[in-house]
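Accompanying notes for the structure given below.
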Amino acid sequence: MRFMDIKEELNTESGMRVIDSLLNVGLLPSLLIDKDSHEILYQNKKAVELLGNVSGKLCHHVICAKEEPCDNCVLKTMTGNVAIHDGYLEPLGKNVRWMFSEISWFDGRNAVFAKLVELDKNNVTTEAKQKYFQDMDQDRRDTDSLTHIPNRQKFYRNAEAILQSDAEGSYAVVIFDIDRFKSINDLHGMTRGDDVLVYIARVLKDSFGFEENFGRMHSDLFAYIIRYEKKGEIIRQIEKLRKKISQNAFDFDINTSFGIYLVEDKQVPVNLMCDRAMMAVKTIKGDVLKFCAFFDEQYRADMLKASEIERDMQESLARGDFKMYLQPKYRLSDNKMVGAEALCRWIHPRKGIIPPMDFIPLFEKNGFILKLDEYMWEEACKTIKDWINRGIEPIPVSVNISRYHIKHNDLEGVLTRLINKYGISSSMLTLELTESLFLDNPEELNRIMIGLQKLGFKLEVDDFGAGFSSLNLIRNITVDTIKIDKDFLDNEIATEKGKIVVNHTIDMAKDLRLQVIAEGVETKEHVDFLKSSRCDVAQGYYFAKPMPLDEFNKLL
């Protein structure tokens, strides 16, 4: 909350109490000075203890012991938002250092916030002065060394003081960080990254002045607390702050993401309020259309659930709790099984079966999908080798390739080592890629795919028809098979026009010499339509559900 936000309350007891709280959360003596008239408008309790009551006096009388302003008066010569003034403080008889910050007083006057940051320690005799040095040391411990704004612990105390001073006001704790800050450090250097952090701290000072309702938590994470009447005010304030941050002299963009926690119980520790605001930030990471989110209690439940999953994943992999299930693929012309898809099932010893949607998206975010997928690939290779050893004619097994493998792994090397380890043909392993993979970097992906095909692997595009790039996709990519998405099948064959779309899609794929598989085939209507459309292979509950390996081997 800024003074301009409470100007209607200034003549009330509650309004003055809020102002007192804001000015006295700091430990150092501080003055508020009218920049034009030089009148001391306000002083905090520490300033009263050290200087006596100087409100209403002219600052050069108190700070400089002069009848007239200095020729180089710091109030007139400030070129930035912060300035330093060294001088002799007459009431103390000591050399001191003041730090000045420009702000706006509640009635629109230009003002300066002056904080006594350094004092000559020689010949300190009074208890008040000794206490001052203790407070100054504490203030240094509470100030972030890079940005010179309150650090995390100081912010916690300041926010708590603000909340406790205004029992009736509605407050929000806001956390924000810089999108892709690591990339800024990597591409432009850590010194440049530090410059960005200092710049953001300056924006916060310009926005909130001396109120010290903000702080740097760590790295690129900042926080502040504001008073509001309606939630829309919070959003508007965030929009203004984002705009100020984005209007900078850097030769790269600085974008920010915000999380908002609405304070309902002021007895909740501020650090927990910040944690909840941070949860809200995480829900919008990677979404370019969103820049802020309010905390919802469901976030906390979801994060606790995700935390439990992450805590168990390594142990479950080592213990073999992740099982390979196989779902058969059938050739529609003669209903012969011609392949299978490997699907991961997590069978937890205490929690039972954990649905894939509860852990696959999480593993794709935290990178564990690399280990899990490679485990599943090895299980598929091991199974194919076992069929060969037992004299069973092997069938190709499809395994999933995630976007994480394309960006973070030596895909060719990993797959080649696996087939060499088990002595199987690369043609027995079909690599299934989702259509969305082709949207990121299609040229690089196509290069990788061509390399895999040269090694003998078959490539299959999963979820074909789920996106908007399907027709262009089959014209430009190097694959062997497209797999028609279940939703595409359901939606299109519901109408005559839709059936024409599917028919022509299949015809076009076959003209391009691509095999066509339909997944999610659940009804006889699906089967009859696919047969009439010359679809090659079908997979779905109509034929067989995904099953454990022992059950699949009996079927095979």
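Just so you know, these numbers use all the heavy atoms, side chains as well, and skip hydrogens, waters and symmetry mates.
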Neighbour count above 12 (heavy atom, 6.0 Å) for E308 CD: yes
Closest heavy-atom pair and its distance - R345, P356: NH1-CG, 3.7 Å
Under a 4.5 Å cut-off applied to non-hydrogen side-chain atoms, are F113 and I33 in contact? no
Of all the heavy-atom pairs spanning I149 and A201, show the shortest one and how long it is. CG2-CB, 3.8 Å
Only one of N255, T256, I254 passes side-chain contact (heavy atoms from CB on, under 4.5 Å) with D179, and that residue is N255
Taking all non-hydrogen atoms of both residues into account, name the closest pair between S30 and K115 and its distance. OG-CG, 3.8 Å
Roughly how far, to the nearest 0.5 Å, is CD1 of I226 from OG of S170? 11.5 Å
Can you tell if the side chain of N400 reaches within under 4.5 Å of the side chain of M376, non-hydrogen atoms only? no
Side-chain contact, heavy-atom cut-off 4.5 Å: D144 with P150? no
If you round to the nearest 0.5 Å, how far is CG of L32 from CG of N44? 10.5 Å
In terms of the angle between their ring planes, are W346 and F363 parallel, tilted or perpendicular, with boundaries placed at 30° and 60°? tilted
Please enumerate all residues that pass side chain to side chain contact (heavy atoms under 4.5 Å, CB included) together with K365, with sequence neighbours excluded. none
Heavy-atom pair of closest approach, residues A280 and A293: CB-O, 3.4 Å
So do the side chains of W98 and L31 get within less than 4.5 Å of each other, counting heavy atoms only? yes
Take M278 and F295 through the test side chain to side chain contact (heavy atoms under 4.5 Å, CB included) and record every step on the way to the result. CA-CA 8 Å; M278 193 64 229; F295 170 80; over 6 Å; no
Checking side chain to side chain contact (heavy atoms under 4.5 Å, CB included) for the pair Y224/Q237: CA distance, chi angles, key distance, verdict? CA-CA 12 Å; Y224 61 89; Q237 191 275 334; 2.6 Å; yes
Between side-chain atoms of residues 264-271 and protein atoms elsewhere (two or more places apart, or another chain), which donor-acceptor pairs fall under 3.5 Å?
residue : atom : partner : partner atom : Å
D265    : OD1  : Q267    : N            : 3.0
K266    : NZ   : D166    : O            : 2.5
K266    : NZ   : A167    : O            : 3.2
K266    : NZ   : G169    : O            : 2.7

Indicate yes or no: at least one non-hydrogen side-chain atom of Y171 is less than 4.5 angstrom from one of I162. yes
Which residue pairs pass the salt bridge (Lys or Arg N to Asp or Glu O under 4.0 Å) test with at least one member in residues 314-323, sequence neighbours excluded? E315-R319, R319-D321
May I have the list of side-chain donor-acceptor pairs in residues 181-190 shorter than 3.5 Å, sequence neighbours left out?
residue : atom : partner : partner atom : Å
K182    : NZ   : D186    : OD2          : 2.8

Determine, stepwise, if the pair N95 / D86 fulfils side chain to side chain contact (heavy atoms under 4.5 Å, CB included). CA-CA 7 Å; N95 293 319; D86 292 316; over 6 Å; no
Can you give me the closest heavy-atom contact between A277 and I175, atom names plus distance? CB-CG1, 3.6 Å
Within this structure, what is the CD1-CG distance for the pair I245 and D253, rounded to the nearest 0.5 Å? 13.0 Å
At what distance, to the nearest 0.5 angstrom, does CE of M313 lie from CG of L317? 9.5 Å
Using modelled atom types only, decide if a donor and an acceptor are shared between the side chain of N213 and the backbone of I225 within a distance under 3.5 Å. yes
Ring-plane angle category for H60 and H38, please: parallel below 30°, perpendicular beyond 60°, tilted otherwise. perpendicular
Give a yes or no on whether the backbone of S55 and the side-chain of Q43 come within a donor-acceptor separation of less than 3.5 Å. yes
Quick check: closest heavy atoms across C274 and V173, and the distance to 0.1 Å? SG-CG1, 4.0 Å
Any side-chain heavy-atom pair from H61 and K66 closer than 4.5 angstrom? no
What's the spacing between I234 CD1 and K230 NZ if we round to 0.5 Å? 13.0 Å
Minimum side-chain heavy-atom gap H148-K205 below 4.5 Å: yes
Side-chain H-bond candidate by donor/acceptor type, N366 with E310, under 3.5 Å: yes
For the residue pair V174 and I238, establish whether any side-chain heavy-atom pair is separated by less than 4.5 Å. yes
Kindly check if the number of other-residue, nucleotide or ligand heavy atoms within 6.0 Å of NZ (K76) is above 12? yes
In terms of relative ring orientation, are F176 and F222 parallel, tilted or perpendicular, with 30° and 60° separating the classes? parallel
Kindly list each side-chain donor-acceptor pair under 3.5 angstrom involving residues 193-200, sequence neighbours excluded, with atom names and distances?
residue : atom : partner : partner atom : Å
Y199    : OH   : K244    : O            : 2.7
Y199    : OH   : Q247    : O            : 2.8

Could you tell me whether a side-chain N or O of Y375 sits under 3.5 Å from a main-chain N or O of F322, the two making a donor and an acceptor? yes
Go through the structure and list residues passing salt bridge (Lys or Arg N to Asp or Glu O under 4.0 Å) with E432, not counting sequence neighbours. K483
To the nearest 0.5 angstrom, please state how far the CD1 atom of I360 sits from the SG atom of C344. 5.5 Å
Short question: side chain of N248, backbone of S246 - any donor-acceptor pair under 3.5 Å? yes
Show your working on side chain to side chain contact (heavy atoms under 4.5 Å, CB included) between F359 and L372 and close with a plain yes or no. CA-CA 11 Å; F359 64 88; L372 181 60; 4.1 Å; yes
Measure from the side-chain N and O atoms of N151 to the backbone N and O of R141, and report whether any donor-acceptor pair falls under 3.5 Å. yes
Taking 4.0 angstrom as the limit, do R276 and D296 come out as a salt bridge? no
State whether D312 and K351 are salt-bridged, where the test is any N-O pair (Lys NZ or Arg NE/NH1/NH2 against Asp/Glu carboxylate O) under 4.0 Å. yes
Does atom CZ of R180 have more than 12 heavy-atom neighbours, drawn from other residues, nucleotides or ligands, at distances under 6.0 Å? no
